[in-house]
Amino acid sequence: MGGAVRDNTIETELIEMLSDKFPGIEVEAIHSERWDRMSVSFRWSGFADLLPEERFQRLVGVIPESFRATRLAGFIWLELCPGESIDDFLKHPRSEDVAEREGEIYRRLDEAGFFAGLKKSLGRSPQKSCTGGFTKVAEALLAAKWTADAVRDAKLVFIRHGAYCDCQVVETVAAALKESYAD
Ligand SMILES: [Zn+2]
């Protein structure tokens with residue numbers, strides 16, 4: 001009998017690496033029949049309000065590149081919330097999904113005075129006041145009555161430009177978008 005190939009050693013090492021920042025995280029490293037490859041799933045309650053790319057970014061901030069390149073090469077990564085199935089997870093939108101609407105989303109943000117407002121709310125030292133996520137981005141857009149889907153699309157545009165938090169939006173993405181889309 002083939003049985004599932006499970007790698008308990010990798011699981012233990014990852015849990016040791018991650019437990020401080022991701023309390024209660026569960027890790028499973030197992031052969032996936034779906035992809036016919038090894039997969040590693042990270043299940044954590046704190047992922048609930050984060051998009052898959054944000055979840056991934058948080059993890060790679062802690063799991064060293066050397067470990068990823070040697071021990072996790074070729075693995076499928078799944079970043080799940082408690083109770084979330086792989087099918088549910090795969091339905092979340094990704095930053096590439098907003099590529100064609102990016103200019104439209106940028107103009108809507110710009111017209112709403114979003115970038116100036118975010119800059120102001122982060123103050124003189126954006127990095128210091130940043131929480132490491134899109135806290136102030138979401139607050140500003142929800143206060144401006146944007147729908148949850150529209151807020152999500154804005155985050156996806158920022159992620160597409162390599163930003164995963166409030167200060168990066170102000171410091172890098174605002175200028176890059178302006179360059180591409182301002183008339
Ligand atoms: Zn930041």
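Whatever order the structure lists them in is the order used to number ligands and atoms, beginning at 1.
Here the shortest heavy-atom pairing between W146 and A154 reads CZ3-CB, 4.4 Å.
A side-chain contact (heavy atoms from CB on, under 4.5 Å) with H92 holds for exactly one of R152, R55, E53; it is R55.
Using a cut-off of 4.0 Å between Lys/Arg side-chain N and Asp/Glu carboxylate O, E79 and R58 are scored as not salt-bridged.
Taking the side-chain hydrogen bond (donor to acceptor under 3.5 Å, both in side chains) definition, one finds that T131 meets it with T135, sequence neighbours left out.
Sorted by first and then second residue, the ring-ring contact (aromatic ring centres under 6.0 Å, His included) pairs involving residues 53-73 (not counting sequence neighbours) are F56-W77.
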Show me the donor-acceptor pairs within less than 3.5 Å that the side chains of residues 115-128 make with the rest of the protein, sequence neighbours left out.
unit_1 : atom_1 : unit_2 : atom_2 : d
S121   : OG     : L118   : O      : 3.1
Q127   : NE2    : E171   : OE1    : 3.2

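If you count the protein N, O or S atoms nearer to the Zn ion (ligand 1) than 2.8 Å, you get 3.
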